[in-house]
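Here the structure comes first, spelled out in structure tokens, and everything after it is commentary.
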Amino acid sequence: MSRRILATCALPYANGPIHIGHMVEHVQGDVWARAMRMAGHTVHFVCADDAHGTPIMLRAQREGITPEQLIADSNTQHQADFRDFHIGYDHYSSTHGEANRALTVRIYEALRDTRHIESKSVRQFYDPDKDMFLPDRFIKGECPHCHARDQYGDSCEVCGKTYTPTDLIEPYSVISGARPVEKESVHYFVRLGDFEPMLREWLAERRQAGGLQVEVVNKLEEWFSDGLRSWDISRDAPYFGFELPDAPGKFFYVWLDAPVGYLASFSEYAAEAGLDRDAFLEADAAAEAGTEMVHFIGKDITYFHTLFWPAMLHGAGLRTPSAVYVHGFLTVNGAKMSKSRGTFINARTYLEHLDPDYLRYYLAALLGPTLADLDLDFKAFEERVNSHLVGKWANIASRCAGFVHKFFDGRLTDAIAPELRQRYDDAVARLQPCAELFEKREYAHAMRLVMGVADDTNAWIAEKAPWKMAKDESQREQLHQVASMAINLFRLLSAWLKPVIPATVARAETFLSSTSSQFGDVDMPLAGHVLAPFQPLLTRIDPKKIQAMIDDSKSSMNAAPAPAATPATATQPATPTIGIDDFAKLDLRVGKVTVCEHVEGADKLLRFELDAGELGSRQIFSGIKAAYPEPEKLVGRNVVFIANLAPRKMRFGLSEGMILSAGEGGADLKLVEVDAAARPGATVR
RNA sequence: GGCUAGGUAGCUCAGACGGUUAGAGCGCGGCACUCAUAAUGCUGAGGUCGGCGGUUCGAUUCCGCCCCUAGCCA
């Protein structure tokens with residue numbers, strides 16, 4: 001049955017270039033769209049730039065241009081990057097357009113009219129120099145918990161504790177450096193809790209249909225059990241975005257109108273291409289038409305796409321997503337992308353050095369349906385692409401094309417021998433599951449099947465040894481049979497690789513003088529068909545080009561400071577020798593236990609409060625419950641703790657240090673004790 | 001700490017509803033071949049399937065505990 005699907009990838013933010021991390025998602029989505037089309041379905045694949053928000057407004061000011069100009073430039077670059085990576089969007093729009101404004105306002109008004117929006121006065125920091133309210137990320141100051149300096153207004157990167165900007169000590173505006181003042185402002189909130197029953201139902205249906213991954217469902221259950229909070233959807237002027245229709249000076253928060261961009265982009269495309277827009281977007285019409293809407297997103301934005309988004313759509317009478325497919329992040333050489341290591345690679349930089357199909361294949365060969373992160377290991381990248389694409393697949397055509405041209409004028413045999421035909425039919429059957437594997441985003445599995453057939457084909461060619469037949473005039477017919485079949489098998493493999501490496505397969509199709517737009521097009525082998533001359537389809541990856549790309553990525557960053565303390569976790573010996581300086585970094589102190597108790601809901605934890613003398617009182621969680629089942633007996637004892645360990649946010653509260661104990665863990669743990677005469681707060685040396 | 005996922009050959013991973021010698025690709029060694037972009041084929045080495053217990057005639061596969069890694073905790 002042919003399906004009609006609207007597919008999207010998450011909207012890249014207009015305030016930065018496309019990098020190879022983005023490509024995981026756009027390749028995943030593009031392969032899916034292409035494969036589904038080749039399986040006979042209709043897929044409309046759209047995307048857009050996410051163009052609103054304070055960062056864009058401020059950057060435009062800094063560069064002395066209008067935000068409109070900034071986002072237009074970005075859009076041009078983004079579109080070029082995707083196009084050159086062969087990401088085949090039917091339409092690529094921007095959230096800063098009339099279609100998006102109309103839809104955003106419609107959603108807002110629908111929610112307002114059904115009383116799902118409330119307004120509240122909020123106290124917020126305001127930059128008196130710039131005359132604007134400051135988003136949390138634009139305020140810095142000293143963490144109220146661990147007193148680390150220069151921490152953002154929403155959370156501390158040192159201790160992980162979250163708070164509100166007004167909790168910061170000595171706050172300052174990142175924009176002007178001025179000390180922000182608190183100011184009241186009315187904000188609008190969507191009462192997300194109102195939608196819990198609807199969301200639960202949506203979730204249950206998606207789970208049933210496979211539209212949400214198990215991990216995502218689990219995560220959602222957790223969010224439900226924690227309770228859904230209202231969502232602040234307005235921001236005060238000046239802001240680059242859409243103004244609320246009934247509240248001058250109030251703008252929609254960028255995250256409200258961003259996903260609406262999916263619908264806006266499709267609306268524009270539908271108008272342009274003469275499609276029935278409502279059949280894809282309006283709840284009733286979509287239900288009747290049986291269309292689907294599928295989103296590909298990264299795991300960091302799961303919350304927005306599985307809670308806010310379906311709720312907003314539902315509230316406005318729009319269709320909800322049929323599926324939200326979540327993928328993991330890209331690491332490079334086993335670590336987060338890093339500008340200083342040259343592994344933060346922009347799409348454009350990659351394209352200047354390497355063929356996009358290399359990366360598409362590598363990612364596809366790694367991609368599965370889970371949220372697991374993917375690693376771009378350059379050594380593996382080089383080896384896999386060279387071996388699989390050049391050595392296995394392209395080689396089949398390369399090694400047999402010569403026979404066909406030299407002895408048979410480029411013409412494949414007219415009558416395929418039955419035993420060879422059997423080989424072809426077997427291969428068709430073996431690759432058949434790939435269609436479903438593509439649909440289920442099991443690309444790695446599909447690529448294994450394809451390469452397995454390529455392996456067998458090469459082995460079969462070796463067994464038949466057509467080069468020997470070529471030397472024997474009497475074996476011409478057999479040679480024709482074998483070479484023709486090899487080319488046919490190559491064509492079959494090419495069709496299944498087409499969603500992944502479309503440009504390279506297009507070259508293969510030039511050689512074959514035959515194109516396939518559906519997987520079914522290659523069910524039958526070609527007979528009596530004339531081939532074009534063979535040209536190399538792709539070259540092996542030259543490791544020098546990878547290196548050049550890394551060097552370029554390093555130099556394109558503007559003089560970042562040397563990473564003095566980058567931990568090389570993977571390469572360090574298990575117990576490296578340390579110097580006295582390292583030891584001196586530890587601030588070990590004596591603490592007198594003033595409170596010690598079980599923690600509700602924790603299997604292993606005890607909660608301590610320590611009197612630490614001049615350091616005051618400290619709360620520390622320690623996983624030693626198994627060893628000390630009667631915690632109250634510890635009160636009054638002197639223990640040793642690390643006083644300068646970065647505080648750590650736990651579910652049960654902040655743990656401000658670590659208490660030392662000896663043993664293998666579990667019940668075998670003994671507190672390190674200090675003579676009762678020791679003074680609380682005394683330094684341990 | 002909670003939740004989730006994962007820990008299987010040097011690397012990337014597959015697999016087993018528990019049952020003879022645990023698989024693939026890449027990489028590495030040897031041999032063969034010479035049609036092919038030094039591509040291909042055959043073959044070899046390499047794994048106490050994270051650890052400890054339990055259930056069982058039998059567990060890497062099921063159960064429990066523990067250790068480690070990653071992500072999430074809005």
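In what follows, chains are A, B, ... by sequence order, proteins preceding strands, each numbered from 1.
With rounding to whole Å, A:Gln213 atom CD is found 18 Å from B:rG71 atom P. Rounded to an integer number of Å, the gap from CG of A:Asp300 to P of B:rC72 is 8 Å.
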What one-letter contact string describes nucleotides 5-12 of chain B from 5' to 3', where B marks a base within less than 4.0 Å of any protein heavy atom, S marks contact via sugar-phosphate atoms alone, and - marks no contact?
S------S
Take nucleotides 30-39 of chain B nucleotide by nucleotide from the 5' end and write B, S or -, depending on whether a protein heavy atom sits under 4.0 Å from the base, only from the sugar-phosphate, or from neither.
---SSBBB-S
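Distance check on atom C1': B:rC31 versus B:rC67 gives 45 Å, rounded to whole Å. To the nearest whole angstrom, the two C1' atoms, one in B:rG71 and one in B:rG51, are 24 Å apart. Comparing the C1' positions of B:rG7 and B:rC49 gives an interatomic distance of 10 Å, to the nearest angstrom.
The 12-atom threshold is not exceeded at CG of A:Asp409, counting heavy atoms of other residues, nucleotides or ligands nearer than 6.0 Å.
Using bins of under 30°, 30° to 60° and over 60° for the plane-to-plane angle, the ring pair A:Phe407/A:Phe403 lands in the parallel bin.
Among pairs with a residue in residues 440-481 of chain A, those fulfilling ring-ring contact (aromatic ring centres under 6.0 Å, His included) read A:Phe408-A:His480, A:Phe438-A:Tyr443, at least two apart in sequence or across chains. Applying the side chain to side chain donor-acceptor pair (under 3.5 Å) test to residues at least two apart or on different chains, the pairs with a partner in residues 361-377 of chain A are A:Lys299-A:Asp373, A:Thr331-A:Asp375, A:Tyr361-A:His388.
If you check every strand for non-hydrogen atoms under 4.0 Å, A:Gly227 touches a base. Using a 4.0 Å heavy-atom cutoff across all strands shown, A:His388 reaches sugar-phosphate atoms only and no base atom.
Residues A:Leu228 and A:Asp456 both approach RNA chain B. Their nearest nucleotides, taken by heavy-atom distance, put A:Asp456 toward the 5′ side.
Using a cut-off of 4.0 Å between Lys/Arg side-chain N and Asp/Glu carboxylate O, A:Arg423 and A:Asp426 are scored as not salt-bridged.
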Treat a base pair as Watson-Crick or G-U wobble with both distances under 3.5 Å, then lay out RNA chain B in dot-bracket form, 5' to 3', with | for cross-strand pairs.
(((((((..((((.....[...)))).(((((.......))))).....(((((..]....)))))))))))).
Using a cut-off of under 3.5 Å, enumerate the N/O to N/O pairs linking the protein to nucleotides 22-24 of chain B.
none

